[in-house]
Amino acid sequence: MSRILIAGGGILGLTAAWEALQRDSGTSVVVLEKESSVATHQTGRNSGVIHSGLYYQPGSMKAETCRSGKGLLEAFCQDHRVAMDRCGKVVVATDESELPRLATLEQRATANGVESRRIDLEELRSLEPHVAGIAALHVPETGIVDYLGVCKTLQRLIEATGRGTVRTGVEVSAFEPMPDGKSVKAHLADGSNLEGTHAVNCAGLHCDRLARRSGASPTARIVPFRGEYFRLVPDAEHLVRNLIYPVPAPRFPFLGVHFTRMVHGGIECGPNAVFALAREGYTWGDISARDLASAFSWPGTWRLFARHWKTGLGETRRSLSRAAFVKALQRLVPEIRQEHLIRIPAGVRAQALTRDGALLDDFALESQGPILHVLNAPSPAATASFAIARHILDRLNGRLLA
Ligand SMILES: Cc1cc2nc3c(=O)[nH]c(=O)nc-3n(C[C@H](O)[C@H](O)[C@H](O)COP(=O)(O)OP(=O)(O)OC[C@H]3O[C@@H](n4cnc5c(N)ncnc54)[C@H](O)[C@@H]3O)c2cc1C
């Protein structure tokens with residue numbers, strides 16, 4: 001009988017556990033989560049969007065799993081009554097210089113099999129009456145979802161099988177492959193340990209550290225980028241109906257603040273992307289000397305900063321000045337005012353950065369004997385999670401059957 005130990009109770013750890021239990025009635029799973037509840041970090045602090053798969057390099061794991069994962073996620077939400085809405089989004093060009101990029105995006109949508117359509121300004125106004133733009137794409141299949149609800153439901157279902165446990169408040173210090181090559185030990189922070197036949201590292205912001213402590217040698221390091229959000233006051237909510245996005249920068253598709261209707265009500269604006277001073281650095285006051293040392297001892301961080309300092313400064317300015325943040329939002333919805341915004345909790349992205357300063361674009365999984373490490377799972381990994389879970393289990397599969 002296989003026993004899989006999973007570090008991390010975010011959406012990837014939980015979907016991997018659920019997939020394992022569904023595949024084989026002889027498998028048991030233990031999810032080990034260091035916080036007191038699931039989905040405390042990236043998953044519980046994200047934008048709540050089910051991405052269509054518009055932006056990603058055709059043929060990449062991101063493009064493939066976003067498309068297939070979206071379908072699996074939607075089906076899961078329907079089956080288990082988790083709040084979700086396929087509300088669609090508009091991508092809006094606000095000046096001439098963005099038109100070629102909008103055209104490229106349209107081609108990419110076609111290459112990735114995403115339904116999208118160029119709409120005229122009249123149709124744009126009928127969808128989003130307060131938007132300013134000169135051209136737009138409508139992507140009807142983009143949606144919104146309650147990711148925390150997905151995770152709580154997964155936790156309940158995993159435990160209801162009788163073969164799965166989600167243990168919170170338990171930190172994994174390292175996984176140790178056993179000399180027999182057939183088993184693995186999880187060393188826990190309280191000094192105890194657990195044995196399993198396989199292990200999966202889904203530790204998000206700490207995945208590279210856990211991998212290194214387990215004897216793997218990841219070629220990229222996690223560098224944290226905070227995304228800050230505001231919520232519109234109720235009086236301004238009428239300015240946005242669904243999702244309004246700018247045309248993304250080709251190299252940094254996650255940059256560019258946007259408007260998102262939340263599935264339980266309300267409109268959020270953001271996120272920006274600023275270098276966080278701690279891996280769990282949700283405000284400028286959260287500073288970790290250890291995390292800073294980790295980031296600045298990595299040559300890739302210096303190279304990224306040297307190359308993109310202007311972009312970084314712009315993002316930092318929008319973090320420190322509400323006026324600058326509002327100015328960015330006004331490009332899309334000119335009626336937005338500073339007094340319409342209420343600050344709400346931020347999220348931090350776990351972004352893998354290579355030694356030469358490149359942001360690792362695609363999802364990254366790495367096998368180490370009986371251990372599978374997830375070493376890069378930024379957006380749209382929540383959308384893609386059920387499909388990534390299949391990849392994780394496929395990678396473990398040869399061993400599960402052995
Ligand atoms: C601001 C922001 C907006 C985003 N918006 C979207 C979006 O709209 N749509 C989308 O698809 N994606 C979005 N993403 C990306 C998405 O949220 C992440 O890709 C996804 O949540 C990653 O899930 P995860 O399980 O890998 O990580 P996490 O949710 O971070 O989970 C990792 C878990 O591991 C635990 N952990 C860490 N170390 C240990 C240890 N040693 N032992 C035990 N437990 C440990 C942590 O406490 C945490 O709970 C966004 C991300 C951010 C930050």
Side-chain angles (χ1 to χ4, degrees), residues 5-17 30-53 55-56 62 65-66 69-70 73 89 142-145 147-148 150-151 154 166-175 186-190 199-211 213-214 222 224-229 243 245 254 257-258 260 262-263 268 270-274 276 279-280 282 344-352 363-365 373-389 392:
L5 309 175
I6 299 180
I11 200 162
L12 287 190
L14 293 167
T15 48
V30 186
V31 178
L32 302 158
E33 166 54 53
K34 73 181 173 71
E35 303 294 344
S36 58
S37 60
V38 298
T40 304
H41 292 290
Q42 296 177 92
T43 306
R45 293 167 167 268
N46 70 18
S47 299
V49 175
I50 304 180
H51 288 292
S52 60
Y55 304 119
Y56 318 114
K62 263 191 186 173
T65 56
C66 186
K70 175 180 187 293
L73 171 66
K89 82 169 175 184
T142 301
I144 51 177
V145 67
Y147 281 119
L148 182 59
V150 171
C151 290
L154 282 167
V166 179
R167 288 181 55 190
T168 54
V170 179
E171 182 172 345
V172 180
S173 306
F175 288 122
H187 294 275
L188 308 183
D190 66 3
V200 186
N201 165 5
C202 292
L205 287 153
H206 304 281
C207 62
D208 57 335
R209 267 185 190 148
L210 180 55
R213 285 195 305 248
S214 305
I222 291 294
F225 287 94
R226 185 169 60 247
E228 296 160 325
Y229 291 94
L243 311 186
Y245 277 62
F254 55 88
V257 288
H258 48 83
T260 311
M262 304 311 285
V263 78
E268 292 187 1
N272 56 3
V274 288
R279 292 198 181 197
E280 294 171 11
Y282 295 108
I344 56 169
V348 179
R349 304 171 182 85
Q351 175 62 55
F363 299 144
L365 311 182
H373 301 283
V374 178
L375 295 175
N376 192 43
S379 186
T383 304
S385 53
F386 284 86
I388 298 174
I392 292 173

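Counting convention: from 1, in listed order, for ligands and their atoms alike. Counting from 1, the numbers follow the sequence of the chain as shown.
- Of all protein heavy atoms, the one closest to atom 4 (C) of ligand 1 is Asn46 CB, 3.1 Å.
- Residue contacts with ligand 1, taken as heavy atom pairs separated by less than 4.0 Å, involve Tyr229 solely via side-chain atoms from C-beta onward.
- Here atom 44 (N) of ligand 1 lies nearest to Lys34 when heavy atoms of Arg279, Arg349, Lys34 are compared.
- The shortest separation from a heavy atom of Leu14 to ligand 1 is not under 4.0 Å, leaving the residue out of contact.
- Close contacts of ligand 1 with Gly10, meaning ligand atoms under 4.0 Å from a residue heavy atom, involve 25 (O), 29 (O), 31 (O), 33 (C).
- In this structure, Phe225 has no heavy atom closer than 4.0 Å to ligand 1.
- Remark: minimum distance from atom 42 (N) of ligand 1 to any protein heavy atom is reached at Val172 N, 2.9 Å.
- Within the structure, the closest approach of Leu32 to ligand 1 falls below 4.0 Å when heavy atoms are considered.
- Here CG of Leu243 is found 6.5 Å from OG1 of Thr142. Values are rounded to the nearest 0.5 Å.
- For Ala384, no heavy-atom contact with ligand 1 is shorter than 4.0 Å.
- Residue-ligand proximity, Gly48 to ligand 1, at heavy-atom distances under 4.0 Å covers atoms 8 (O).
- Close to ligand 1: Cys202, with a non-hydrogen atom less than 4.0 angstrom away.
- Each of the following atoms of ligand 1 lies closer than 4.0 Å to a heavy atom of Pro378: 19 (O).
- Where the criterion is an N or O separation shorter than 3.5 Å, residue side chain and backbone included, Pro271 fails it with respect to ligand 1.
- Taking every heavy atom of Ala381 and a limit of under 4.0 angstrom, the matching atoms of ligand 1 come to 19 (O).
- Checked against side chain to side chain donor-acceptor pair (under 3.5 Å), Ser47 has the following partners two or more places apart in sequence or in another chain: Tyr229.
- A 4.5 Å side-chain heavy-atom check between Leu5 and Val30 finds at least one atom pair inside the cut-off.
- Listed by atom number, the atoms of ligand 1 under 4.0 Å from Ala377 heavy atoms are 18 (C), 19 (O), 22 (C).
- Between Leu205 and ligand 1, no N or O atom pair is found at a separation short of 3.5 Å.
- Among all protein heavy atoms, the one lying closest to atom 33 (C) of ligand 1 is Glu33 OE1, 3.6 Å.
- Within ligand 1, the atoms closer than 4.0 Å to a non-hydrogen atom of Ala203 are 32 (C), 34 (O), 37 (C), 38 (N), 39 (C), numbered from 1 in the order shown.
- Of the N or O atoms in Ala7, none lie within a sub-3.5 Å distance of an N or O in ligand 1.
- When each atom of ligand 1 is checked for a heavy atom of Glu35 under 4.0 Å away, the hits are 47 (O).
- Atoms of ligand 1 lying under 4.0 Å from at least one heavy atom of Gly8, given by number and element, are 33 (C), 34 (O), 35 (C), 44 (N).
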